[in-house]
Amino acid sequence: MAMTTLAPIQRLRLLRELERKVLWLSAWTIHHANHLRPNRDGLKVGGHQASCASLATVMTALYFSVLRPEDRVAVKPHASPVFHAIQYLFGHQTREKLERFRALGGAQSYPSRTKDIDDVDFSTGSVGLGVAMTLFSSIVQDYVRLKNLGDGERPTGRMVALVGDAELDEGNVFEALLEGWKHDVRNLWWVIDYNRQSLDGVVNDRLFGRIGEMFELVGWRVVTLKYGKLLETAFTQPDGEQLRQWIDDCPNSLYSALVFKGGAGWREALTRDLNQYPGVRRILDQHDDAALHRLMTNLAGNDMQAVLDAFEGVNDDTPTCFIAYTIKGQGLPFAGHKDNHSGLMTLDQMAGFKQGMGIAEGQEWEKFAGLAATPAELQPFLDAAPFNAQGKRRTTAPQVAIPAALPHPTDKKSSTQEGFGKILNAIAAEDSELARRIVTTSPDVTVSTNLGAWVNRRGLWAHTEAEDVFRELKVVSAQLWRKTPRGQHIELGIAENNLFLQLAAMGLSHQIFGARLLPIGTLYDPFIARGLDALNYACYQDSRFMLVATPSGVTLAPEGGAHQSIHTPLIGIGQPGLLSYEPTYVDELAILMRHGFDYMQQDKGGSIYLRLSTRSLPQPERTLSAEQEADIVNGAYWYAAPEAGADIAVVAMGAVTPEAIAAHESIVRDFSGAGLLVLTSPDRLHADWLAAQRNRGRTAGVVDRSASPIERLLAPLSRDARIVTVLDGHPLALSWLGSVRGQRVVPLGIENFGQSGDIPDLYRTYKLDSAAIIDAVARAL
Ligand SMILES: Cc1ncc(C[n+]2csc(CCOP(=O)(O)OP(=O)(O)O)c2C)c(N)n1
Ligand SMILES: [Mg+2]
């Protein structure tokens, strides 16, 4: 039975059946996890039966009929069980994983690209982020399409977000909308599950008038799905308009409460308010309580035909917001109750629900149990779903070969930020695959993070050509900002959250659009905190990009504490999926960028974070050996090697290294053989050290105390050597070094908000200068 031969009425019938099944399976999956699995710790397992129910119609319509293989979806996080139920019916999810919903290795609480097996497009969980992710993905889709970076012809997909109405309270959604308007976004469908309930209760009345206007303001089409077919028919009856007006005017709380109370409640309220209208009295007479309840709760977002009509009525690429009126908990005993967000059906309620669904004992996981349509009708319908027409939807893309060394400047003095700009500029000058695959983006700090030269060469990206007016009018400027579809820089407004979502989307392009990109995003280091949840979200999805954060620390000097980053080195250590480096010299940076481009493409790789500085440092004249290059990638090297058994070592990282060099020169006069270790990555050192400890447990008997780079590096020092560490960041980032071999550490760094000032004043004030380092050595002894 092919889709094309199925009459609309037949399709509607089967979709309604599947909607029942999806509602059942989602509720049962949650029920099973909470009531039927042994509970060892007494914690509630949870799950959201009511939130699932309100989206069951929309998701059934989408996955079983409307979506195409090229479409990509971000599912409302707590509708995860609905998604898994649909994939189970498709045969992409297993019963075992559903039985283990929210247990180790089971179907995930919130849809996860990396942990679920059933073809999740975008992970969700932190509300608002998945929604905006679809918008930035639509930009990536257009970017790779206009440049032909993909694996051949690929139809343009719709980027679909299934959005809880309360998700729209998250400001990041509106930041994204505005940015999307600037970039003329296309092919976006946001379906808002307008159940007028959040977690804590019922949302503000008529909020959606405002929200609809917001979407229209930024060029979206708004399609409102308000009343279902039953109600629409009732409205055409005599006095039906009175009924419509009554519902239109009904406050959200009253409507929700009546949904919960059911038929008798509706009758009482309507009799009280509309008894003077004979037509309404007739409608009341014609419906018993159950039918009246069905009628009054017949909202379009829970009405299959209305949902299909809405989706199938949109056939162009204009971004579209569907406001789908739904009922939270539709079809469940606590429908409409304001406290239903985390409500779970009791055992009794589930027994009743199960009976109503026609499911016999032991048949709970059967795909077609309790349905009126036969398996012989349903299975072919599922098999023919257009969504699965091409099998696996997750794409791959070949790796881009990275040259053995990147071109790097050899200035006698340079900051790492300047070096970054020059390295990229040199890459931009080449006609290489590496240069073609790099795409840069920045939230209005392109120039001040030294991306300017790259943009001058490679251009700004836009759907259509736009000349640089300043250039046309011959106004002299260092920046050439010509916009073309060939451009390789996506300029964003000042919204760091958008930067991270744009990077998240770019960094998944190989798996979502079959096109390998090497994304680089720049921002000021302190403003990582502004977008931190989105950065975490990007890493959680295993997106791959290079984050260049500059300037950093108090070393940005005159700008003072407001722009000074303190704990970003700790974020670098603590953030999974993000390998962080803080190079001191430009030759290190070149090696690390090269490593980064490679690491971003490895299965077991990840994203990379480079913490840079604007402080110009004298650059060492050196040619690094392969071994030294490996040390730089591994996280540290001896700038001045210690003598065997040395009692003192100074450890430094980044912009403060010249102070450590000066201090070291003076220290060796008293303690000959003291070493100076320069770090490039406490993150990498720490991770390798922990991994070595874990592995040690497994090879019984043999204790290799130099299994990880930091153990080997510290091995020459005496057992009770003193180590002074210094960085322009929180001292905790390095103080753990004392645990490696049980040596005492005096950690220097920044613990407080800084002042404005010049570097000598600030380093003195915050005890980062050579006097402070020498003093720390004295204290250590
Ligand atoms: C950033 C973030 N804050 C808080 C939560 C906890 N939370 C999960 S769902 C929810 C309410 C969602 O309401 P709505 O979007 O209307 O979804 P509904 O359940 O009504 O469909 C909240 C506050 C979260 N997941 N993410
Ligand atoms: Mg809601």
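Quick caveat: nothing in here was measured; it's all calculated off a predicted structure. Atoms within a ligand are numbered from 1 in the order they appear, just like the ligands themselves.
Between the side chains of T568 and R611, at least one donor N or O lies within less than 3.5 Å of an accepting N or O. Q305 and K229 share no donor-acceptor pair across their side chains, judged by distance under 3.5 Å alone. A donor atom on one side chain and an acceptor atom on the other are found under 3.5 Å apart for R113 and Q511.
Given atom 19 (O) of ligand 1, the protein heavy atom at minimum distance is S51 OG, 2.6 Å. The nearest heavy-atom contact from the protein to atom 7 (N) of ligand 1 is L199 CD1, 3.8 Å. The protein non-hydrogen atom at the shortest distance from atom 16 (O) of ligand 1 is D165 OD1, 2.5 Å. Of all protein heavy atoms, the one lying nearest to atom 2 (C) of ligand 1 is V127 CG2, 3.6 Å.
Those atoms of ligand 1 that come under 4.0 Å of a heavy atom in K328, given as number and element, are 18 (P), 19 (O), 20 (O). Taking a cut-off of under 4.0 Å to the non-hydrogen atoms of S126, the atoms of ligand 1 that pass are 1 (C), 26 (N). Atoms of ligand 1 lying under 4.0 Å from any heavy atom of S198, numbered from 1 in the order shown and given with element: 13 (O), 16 (O). Of all the atoms in ligand 1, the ones that sit under 4.0 Å from a non-hydrogen atom of N195 are 18 (P), 20 (O), 21 (O). Near A166, with a cut-off below 4.0 Å to any heavy atom, the atoms of ligand 1 are 13 (O), 14 (P), 15 (O), 16 (O). The E167 neighbourhood of ligand 1 comprises atoms 15 (O), with distances under 4.0 Å to a heavy atom of that residue. In summary, the atoms of ligand 1 found under 4.0 Å from a heavy atom of G125, numbered by their order in the structure, are 24 (C), 25 (N), 26 (N).
By the definition of a contact as any protein heavy atom under 4.0 Å away, atom 4 (C) of ligand 1 is not in contact. Checking atom 22 (C) of ligand 1 against the protein gives a heavy-atom contact under 4.0 Å.
Residue-to-ligand polar distances keep D533 apart from ligand 1: every N/O pair is separated by 3.5 Å or more.
Taking the six-membered ring where tryptophan is involved, the planes of W189 and F311 are essentially parallel, since the angle between them stays under 30° and well short of 60°. The aromatic rings of W24 and W28 lie parallel to each other, with less than 30° between the two planes, well short of the 60° mark.
In summary, the aromatic rings of W266 and Y255 are positioned with their centroids under 6.0 Å apart. A ring-centre distance under 6.0 Å is not found for F387 and F64.
The side chain of D193, and not its backbone, has at least one atom closer than 4.0 Å to an atom of ligand 1 (non-hydrogen atoms only; side chain from C-beta on).
The shortest non-hydrogen separation linking G262 to H293 is CA-ND1, 3.4 Å.
Using a cut-off of 4.0 Å between Lys/Arg side-chain N and Asp/Glu carboxylate O, E96 and R100 are scored as not salt-bridged.
Using a 4.5 Å heavy-atom threshold, the side chains of Y194 and N252 count as touching.
Comparing heavy-atom distances from atom 9 (S) of ligand 1 across H48, R196, H78, K76 singles out H78 as nearest.
Among the atoms of N195, an N, O or S atom falls under 2.8 Å of the Mg ion (ligand 2). The Mg ion (ligand 2) lies under 2.8 Å from an N, O or S atom belonging to Q197.
Once rounded to the nearest 0.5 Å, the distance linking OG of S138 with CG of N187 reads 7.5 Å.
A donor-acceptor distance shorter than 3.5 angstrom exists from the side chain of S607 to the backbone of F545, with no hydrogens or angles considered.
Per residue D165, closest N, O or S atom to the Mg ion (ligand 2): atom name OD1.
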